[in-house]
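Before any comments, here is the structure.
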Amino acid sequence: MITMKDIVLEGDPVLMQVAKDVTMPPSKEDKELLKKMLQFIKNSQDEELAEKYNLREGVGLAAPQLGVSKRMFAVHFEDVNGETYSDGYFNPKIISHSVEQTFLAGGEGCLSVERDIPGYVHRYARITLSATNLAGEKVKLRLRGYPAIVYQHELDHLNGIMFYDHINKQDPFNIPENTKVCDIQSAIKD
Ligand code: SB7
Ligand code: NI
């Protein structure tokens with residue numbers, strides 16, 4: 001079972017690296033790791049388990065956060081419409097994105113970052129993502145708003161990019177043109 005001691009923290013070079021493609025079809029080991037990652041996120045949202053194992057709540061986890069430099073991540077959350085996003089993905093790729101940008105009103109956090117970093121994290125408002133899911137199916141996801149933000153946060157980890165790399169250092173709360181706030185779930189910082 002994955003716990004916080006398995007999570008690599010900022011400063012570790014693995015979080016700055018571009019992760020390697022996962023060979024297709026994925027090996028049993030890669031699949032097992034991704035399943036464990038999904039289970040960790042679920043556990044982190046289970047009040048009892050989170051307390052028992054001291055888990056920080058998260059909505060996603062990328063393999064480099066476990067020190068594994070491979071292109072895979074898992075997510076588990078619900079959007080405001082009650083739609084569930086719960087799966088693991090191999091070799092995810094943004095195949096198109098909007099010009100319009102968005103950001104979470106409450107900023108973002110990261111399980112690999114143990115400090116609060118204020119500022120707006122600028123992201124595409126809409127993305128289309130292709131990947132192979134845990135079931136081994138090739139999927140194409142059209143995402144907007146909060147789900148689009150979460151998937152971009154996870155994909156960034158596969159490219160060595162941290163959420164604060166998208167904050168304007170001169171003016172952390174500046175809102176550029178063509179940008180709309182994502183207010184939903186702004187309270188969720190993990
Ligand atoms: C806020 C938090 C996350 C995504 C988008 C907004 C995920 C936090 C958990 N992780 O550190 C996963 O990489
Ligand atoms: Ni993160």
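Excluded from the calculations below are hydrogen atoms, water molecules and symmetry mates; all remaining heavy atoms, backbone and side chain alike, are included. Each ligand, and each atom within it, is numbered from 1 in the order the structure gives.
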Geometric class of the [Y]/[X] ring pair [parallel <30°, tilted 30-60°, perpendicular >60°]:
| X | Y | value |
| --- | --- | --- |
| Tyr146 | Phe77 | perpendicular |
| Tyr124 | His97 | parallel |
| Tyr151 | Phe73 | perpendicular |

TODO: Ignoring hydrogens and angles, state whether a donor on the side chain of Tyr89 or Glu154 is under 3.5 Å from an acceptor on the partner side chain.
DONE: no
Task: Donor-acceptor side-chain pairing of Asn43 and Gln39 below 3.5 angstrom - done: yes
Side chains of [X] and [Y]: does their closest heavy-atom pair fall under 4.5 Å?
| X | Y | value |
| --- | --- | --- |
| Val59 | Tyr85 | no |
| Val150 | Glu108 | no |
| His153 | Arg123 | yes |

If the cut-off is 4.0 Å to any non-hydrogen atom of [X], which atoms of ligand 1 fall inside it?
| X | answer |
| --- | --- |
| Val59 | 3 (C), 7 (C) |
| Gly60 | 9 (C), 10 (N), 12 (C) |
| His157 | 13 (O) |
| Cys110 | 11 (O) |

I want to know if ligand 1 touches [X] in the polar sense, i.e. an N/O pair below 3.5 angstrom.
| X | result |
| --- | --- |
| His153 | yes |
| Ala62 | no |
| Ser112 | no |

Task: From CG (Leu34) to CG (Leu61), nearest 0.5 Å - done: 9.5 Å
TODO: May I ask you to determine how many protein N/O/S atoms are under 2.8 Å from the Ni ion (ligand 2)?
DONE: 3
